[in-house]
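Below is one structure, written out as structure tokens, with a few remarks after it.
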Amino acid sequence: MKDFFKYVFATIVGLILFGIIMAILGVMSIVGMISSGQATQNVSDNSVLVLKLSGTMDEQAGDNTLAQFTGNAISSLGLNETLSAIKKAKDNDKVKGIYIEAGALSADYASMQEVRSALADFKKSGKWIVAYADTYTQGAYYISSIADKVYLNPQGELDWHGLGSQPLFVKDLLAKMGVKMQIIKVGKYKSATEMYSEDHMSDANREQTQAYINGLWQNICKEVAASRKLTIEKLNEYADSGITFSEQKDLIAKKMIDGLLYNDQVKKEVKKLLKLDEDKSIRQLSIADMANVKQKDKGEQIAVYYAFGNIVDNPATGYLMGGGNQIVAKDVCKDIENLMNDDDVKAVVIRVNSPGGSAYASEQIWHQIEMLKAKKPVVVSMGGYAASGGYYISSGANWIVAEPTTLTGSIGIFGQIPDPSQLLTQKLGVKFDEVKTNKFALMGSMARPMNDDEISLLTKYIARGYDTFRKRVADGRKMTVEQVEEIAQGHVFTGEDALKIKLVDEMGGLEKAVEKAAKLAKLDEYHTTDYPAPKDLFQQLMSNATTGSYLDEQIRLTLGDYYEPYMMLKTMNQQSAIQARLPFFLNIH
């Protein structure tokens, strides 16, 4: 018996030691993979950059080493990495061309326009671009149409249908649950609240929505028409005829594609361009590979700070309202202060892609940008959205650059406070009583809707917030408050229209904004550095442990356009009551 316990104990100790050794080896393997991924990439002669247009495209690709290691990573492209890779490929003599492998791409049209512009610039070097897909989504085709040759699988599909926006309304749904949203807003075009207060679009909202989707579509058609040697009228005719479901061979006759090929046949076409024998392999470079192609920094530093997602007061609320992409006021303010105090940073470009959010958080970020502007030039580069709170934080910059397809403006705010009193008292049978010392001691109570005095108080508070917003815009854009009011009222504009009314200064992308920042800082030679820096492995592990980001991404993919309103309803009691944001249904199809 004594020997039995001795052997059992020895076995347990052995298993523990084995587990520790395996854990150490596992950590070493992960560290090794990370280190190898960060190693400097050497570019072989006669290489091809492979640009895979599928998955989601954010301003910055979120590093999630743990998800990649476990196989749970969601396909994600970083706009910054993609643009950098295309630029490096243009400047590297060993890279002969770009092969676009298109698929289901989820991105805003301003981001897609920026990638397309970078590819057009790449072609100026005399190098070629070939695009191929089994199925082109409309956005992926918009980018791919810049290619010298556009190929499709013989049994594939090309989606070309136009744009539309289909808002949803939940007022009656909430009423069935005994919940009503108490809404106070400023601006006849401020439509974010209509989801809770109406059962159809207001005339003002229908007018502005039709205007900006027409503007977006016109830009898309204009660029595709130029690349494919078609007219805008012909492209609209194709969209109206349901070309998505036409026979594949008809797409060649209609000049939408150049040929029908299988994957192996496309490879042969690429090999011909590279002057390779058929038995030779194509030297391929991915976006990640190009990120590891090091270039020597020249001149002074221009910081490019990425601010994208919902504008929130704290990270917990931000996660609950819409996943990992968020502009957390206290974090952003701290980052901007650090850039302000960093003598190595000579100018700052702030890349804004946000539909807005908390009005209070927007004011804090605006103030910090004003402090930064007093010490060094600040240029804003607008992405897909820089509206409402997104425009608030942009308005004070020295210069604002936007894409024609950017959605911006929406100068206005609103307050919304849920009233669940019918749910509690009539449906659930909850009873309330009250005692109080002062008139407004129980304002916002769940037991009853707000009374007239409380609504009047909140209305004045929101009106002051609107006045402050207009004043910030007027000061930043060198306009009078009266001039701002003429284009405010929550009105959403495309970047192209915003230029005409002086809400932005120039059309272009991130590269144009960097060039302007260098000019304002009087720099002849310069390089850029991205901020905030990617999270290290420990930060990623802690973030995954507290936010459950993988689960959130799965929910996002499942619900699609309905994810944001779902999360809004789920967390209505946890949101900042005063909001400067676009409606959630500005997902353009």
Side-chain angles (χ1 to χ4, degrees), residues 56-59 79 106-111 165-168 185 187 189-196 205 208-209 212-213 215-216 306-313 317-329 332 350-363 365-366 380-395 400 402-403 405-414 416 469 473 488 490-495 498 503-504 556 559-569 571-572 575-576 578-589:
T56 60
M57 178 179 284
D58 288 324
E59 293 292 329
L79 177 63
S106 175
D108 60 70
Y109 276 101
S111 295
S165 179
Q166 192 172 45
L168 64 96
K185 69 170 185 173
Y189 293 99
K190 199 67 182 174
S191 56
T193 59
E194 290 184 3
M195 171 181 175
Y196 308 103
N205 186 29
Q208 72 170 352
T209 303
Y212 65 66
I213 65 172
L216 295 181
Y306 289 86
F308 60 106
N310 295 313
I311 300 175
V312 298
D313 300 301
T317 302
Y319 168 71
L320 290 169
M321 283 183 67
N325 295 342
Q326 53 191 7
I327 302 172
V328 184
V332 173
I350 302 177
R351 174 70 175 188
V352 177
N353 195 340
S354 172
S358 165
Y360 176 79
S362 300
E363 168 72 10
I365 296 170
W366 169 87
V380 162
S381 169
M382 291 182 168
Y385 303 93
S388 204
Y391 190 78
Y392 199 133
I393 67 176
S394 304
S395 61
I400 299 176
E403 292 285 3
T405 50
T406 296
L407 294 183
T408 189
S410 191
I411 301 165
I413 66 173
F414 62 88
Q416 55 184 19
F469 193 170
V473 175
H491 202 300
V492 180
F493 301 96
T494 63
L503 285 180
V504 304
R556 180 186 293 273
L559 294 180
D561 295 344
Y562 301 105
Y563 173 80
E564 294 284 6
Y566 162 75
M567 296 305 284
M568 187 77 166
L569 288 170
T571 61
M572 62 174 62
Q575 302 157 24
S576 174
I578 311 303
Q579 294 277 310
R581 68 152 55 249
L582 285 175
F584 285 124
F585 51 74
L586 288 188
N587 294 295
I588 311 298
H589 304 283

Do the rings of Phe493 and His491 sit parallel, tilted or perpendicular, given the 30° and 60° boundaries? parallel
Okay, side chain of Asp108, backbone of Ala110: is any donor-acceptor separation there less than 3.5 Å? yes
Tell me the closest heavy-atom pair linking Leu79 and Arg351, and the distance in Å. CD2-NH2, 3.3 Å
Nearest heavy atoms of Val380 and Ser394, plus distance in Å: CG1-OG, 3.7 Å
In short, Pro355 meets Tyr385 closest at the heavy-atom pair N-CB, 4.0 Å
Please report the C-alpha distance between Glu403 and Ser111 in whole Å, then the side-chain angles of each, then the deciding distance to 0.1 Å, and finally whether the side chain to side chain contact (heavy atoms under 4.5 Å, CB included) criterion is met. CA-CA 9 Å; Glu403 292 285 3; Ser111 295; over 6 Å; no
Identify the heavy atoms of Ser410 and Val492 that sit nearest to each other, and give their distance. CB-CG2, 3.9 Å
Heavy-atom pair of closest approach, residues Ser354 and Gly309: OG-O, 2.7 Å
Check: Tyr189 main-chain N/O paired with Asn205 side-chain donor or acceptor under 3.5 Å: no
All heavy atoms of Ile393 vs all of Ser362, minimum pair found to be CG2-O, 3.6 Å
Taking the side chain from Ser388 and the backbone from Gly390, do they hold a donor-acceptor pair closer than 3.5 Å? no
Side chain of Lys190, backbone of Lys185: donor and acceptor closer than 3.5 Å? no
Less than 4.5 Å apart, side chain to side chain, heavy atoms only: is that true for Tyr392 and Glu363? yes
Kindly determine whether Leu503 and Ile411 satisfy side chain to side chain contact (heavy atoms under 4.5 Å, CB included), including the steps that lead there. CA-CA 10 Å; Leu503 285 180; Ile411 301 165; 4.1 Å; yes
Separation of Ile213 CD1 from Thr405 OG1 (nearest 0.5 Å): 14.0 Å
Got a second to check how far Asn353's CG is from Asp58's CG, nearest 0.5 Å? 8.5 Å
Results of side chain to side chain donor-acceptor pair (under 3.5 Å) for Thr494 - residues two or more places apart only: Asp497
What pairs with Thr408 under side-chain contact (heavy atoms from CB on, under 4.5 Å), at least two apart in sequence or on another chain? Met382, Ala386, Tyr391, Thr406, Ala498
Side chain to side chain contact (heavy atoms under 4.5 Å, CB included) assessment of Val312 paired with Ser358: CA-CA 5 Å; Val312 298; Ser358 165; 5.7 Å; no
